[in-house]
Participant: 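Submitted below is the structure of interest, expressed as structure tokens.
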Protein chains: 2
Amino acid sequence: MKVLIVDDDRTLADLLAFAMRRAGFEPHLAFDAQGAMQVFNDLPVDIIILDVNLPGSREINNGFDICREIRKVSDVPIILLTVRDDEEDIVKGLNIGADDYILKPFSPRQLVARIQAVLRRASSEAVPEAAPYRFQDFQFDPARREVNRGDEAPQSLTRLESRLLSYLMLNQGQVLPADNIITEVWGLDAANTEMLRQLVHRLRIKIEQDPENPILIKTLPSIGYGFGI
Amino acid sequence: MKVLIVDDDRTLADLLAFAMRRAGFEPHLAFDAQGAMQVFNDLPVDIIILDVNLPGSREINNGFDICREIRKVSDVPIILLTVRDDEEDIVKGLNIGADDYILKPFSPRQLVARIQAVLRRASSEAVPEAAPYRFQDFQFDPARREVNRGDEAPQSLTRLESRLLSYLMLNQGQVLPADNIITEVWGLDAANTEMLRQLVHRLRIKIEQDPENPILIKTLPSIGYGFGI
DNA sequence: GATTCGTGTGACAAACCTGTGACAATTTCC
DNA sequence: GGAAATTGTCACAGGTTTGTCACACGAATC
């Protein structure tokens, strides 16, 4: 894991680098905006530690500007170092797109904890289990893309089928216009009623007990479809 | 190693205590702020697990306040339990001085892993050794990077294989999207589905009895993989 | 009664995804 | 420095999923 540390205070930067290395990171230092951009362009850094108060150069002035510049081209996590009593800086920094901030003075240990936390958030390590949808004895687990009825063996759905069913069950009991469903499932551009018809057909075969007389997914002629109506 | 668990949900607290004890820690419980401070003052605890949403008392209200109080006098590592969708809580907690956080809902296994990580980071003392993962008669010891089944001779894994299996078994029973696995194993930048496919393939050859019909590592087409599903 | 429209349905081809073996590049270990 | 192990890349087979076409059927309309 490559960490870019940007701070004009070389003593502090060195200290941080030492702590980083001990924590298993690979620190790279920069002492001004130019150096920071250079390292950033040369290396695929995983996270950036950025002192807000840097001596200015011509175009890029302080930490905020670096942050802004980087945000134009990258989502790499950024942690700001700010001095206490400067609420404004914090709000500004987070608005610009920083992921977190830490107040000086801080202990290296705190910073390491912070880095780990930010990285964890960025990589969405915590896998949020989406709750299954239910309708009477019918269940649909979007995480597993599986449906089952009562105790029967689960039936697995394809990606599109799952997206369609998610949308339908999320808006259970409502009439959903075909166009809305299409943009929800395929995206904005690809609009094609034919495909929707096919998809509904295939989904019905998997989830309806009697696909010829659908109960779960009802057709609303010339409007669209609806789940559990 | 003494762990202080602070949570007003006694069922959860008990469950955590059980998991802690099984992992070689010595858990102590508190169900409110007062109890927490009392245990903290009486015992030299090594780490604190703190639910941020505690019912208030007079002076000390919720988990944050406990955290603040403790930080006035001690550097003991603190892990916060927070609910999902509350980014603010996380930032706030970390700024107050917490070392890490974990999102509810979580599995005891995940919490134990987190505790070990924090302790290893923060203290030089010996941390109880990570217990091997188990699934039926299959075992995986991440410290030795060895797997074995029943009494058979252990098979050793490579570094990447071990990381992959750790992640899978830490979240066993869950569906893990390919992207998450990739960032967990390789890091943020290097994203390549091909490599994951290869790695899974190689791991399966080592751990599955019949690699053509995998039982441990299941494929969820166009989603990712899951262990013990 | 014929026509038109919207829908359901089967068949088929294109696109996509996964598993797999072979081999190259890199790292690790002696 | 060199061998062995590990990791990254490429190519391809086989299966699944998705898009497309063709057509049947019923209801509404003329």
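When reading the values below, keep in mind they use all heavy atoms of this one structure, side chains included, and skip hydrogens, waters and symmetry mates.
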Participant: Between A:E161 and B:S156, which residue's closest nucleotide on DNA chain D lies nearer the 5′ terminus?
Facilitator: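 This one resolves to B:S156.
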Participant: Could you tell me the separation between the CD1 atom of A:I181 and the C1' atom of C:dT7, rounded to a whole number of Å?
Facilitator: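 Taking CD1 of A:I181 and C1' of C:dT7, I get 14 Å after rounding.
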Participant: Whole Å only: how far is the CG atom of A:L164 from the C1' atom of D:dT17?
Facilitator: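 Taking atom C1' of D:dT17 as the reference, CG of A:L164 is at 15 Å.
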Participant: Apply side chain to side chain donor-acceptor pair (under 3.5 Å) to A:D7 and list each qualifying residue two or more places apart in sequence or on a separate chain.
Facilitator: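 Testing A:D7 for side chain to side chain donor-acceptor pair (under 3.5 Å), a comparison that skips the adjacent residues, returns none.
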Participant: Please report the C-alpha distance between A:D99 and A:R114 in whole Å, then the side-chain angles of each, then the deciding distance to 0.1 Å, and finally whether the salt bridge (Lys or Arg N to Asp or Glu O under 4.0 Å) criterion is met.
Facilitator: CA-CA 10 Å; A:D99 291 82; A:R114 216 48 169 284; over 6 Å; no
Participant: Keeping to residues at least two apart or across chains, list the salt bridge (Lys or Arg N to Asp or Glu O under 4.0 Å) pairs with something in residues 191-201 of chain B.
Facilitator: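 For residues 191-201 of chain B, and leaving out neighbouring residues, the salt bridge (Lys or Arg N to Asp or Glu O under 4.0 Å) pairs sorted by first residue read B:E194-B:R197.
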Participant: How long is the line joining CD1 of A:I182 and P of D:dG19, in whole Å?
Facilitator: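 Taking CD1 of A:I182 and P of D:dG19, I get 11 Å after rounding.
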Participant: For nucleotides 24-27 of chain D, tabulate all protein N/O to nucleotide N/O atom pairs closer than 3.5 Å, reporting atom names and distance.
Facilitator:
none

Participant: So, does B:W186 get its side chain near the phosphate of D:dT7, meaning an N or O under 4.0 Å from OP1 or OP2?
Facilitator: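 No, because none of the side-chain N or O atoms of B:W186 sits under 4.0 Å from OP1 or OP2 of D:dT7.
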Participant: Restricting to pairs with a member in residues 210-229 of chain B, which pass salt bridge (Lys or Arg N to Asp or Glu O under 4.0 Å), not counting sequence neighbours?
Facilitator: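 Found none.
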Participant: Could you tell me which residues satisfy side chain to side chain contact (heavy atoms under 4.5 Å, CB included) with A:D32, sequence neighbours excluded, listed by chain and number?
Facilitator: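 A:D32 satisfies side chain to side chain contact (heavy atoms under 4.5 Å, CB included) with A:Q34 once adjacent residues are dropped.
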Participant: Sorted by first residue and then second, give each salt bridge (Lys or Arg N to Asp or Glu O under 4.0 Å) pair with at least one member in residues 136-146 of chain B; sequence neighbours left out.
Facilitator: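 Counting only pairs at least two positions apart or across chains, the salt bridge (Lys or Arg N to Asp or Glu O under 4.0 Å) contacts touching residues 136-146 of chain B are B:D137-B:R149, B:R144-B:E146.
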Participant: Output all residues satisfying side chain to side chain donor-acceptor pair (under 3.5 Å) with A:E208, sequence neighbours left out; order by chain, then residue number.
Facilitator: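 Per chain and number, A:E208 pairs via side chain to side chain donor-acceptor pair (under 3.5 Å) with no residue.
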Participant: How would you summarise protein contacts on nucleotides 14-30 of chain C per nucleotide, using B for base, S for sugar-phosphate only and - for none, with heavy-atom distances below 4.0 Å?
Facilitator: ---SBBBBB-----S--
Participant: Show me the side-chain donor-acceptor pairs of residues 155-162 of chain A shorter than 3.5 Å, one per line, residues at least two apart or across chains.
Facilitator:
residue	atom	partner	partner atom	Å
A:T158	OG1	A:E161	N	3.4
A:T158	OG1	A:E161	OE1	3.4
A:E161	OE1	A:T158	N	2.8
A:E161	OE1	A:K206	NZ	2.8

Participant: With a 4.0 Å cutoff (strictly under), does any side-chain N or O of A:N192 reach OP1 or OP2 of D:dG19?
Facilitator: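 For A:N192, the contact criterion (side-chain N or O under 4.0 Å from OP1 or OP2 of D:dG19) is not met.
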Participant: Check the distance between D:dT18's P and A:L157's CG and give it to me in whole angstrom.
Facilitator: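 A:L157 atom CG is separated from D:dT18 atom P by 10 Å.
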Participant: Can you measure B:R145 atom CZ to D:dA5 atom P for me and round it to whole angstrom units?
Facilitator: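 Result: 14 Å.
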Participant: Taking atom CG of A:L12 as the centre, report whether more than 12 heavy atoms of other residues, nucleotides or ligands fall under 6.0 Å from it.
Facilitator: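 Enclosed.
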Participant: Roughly how many Å is it from CE in A:M195 to P in D:dT20, rounded to a whole number?
Facilitator: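 Value for this atom pair: 6 Å.
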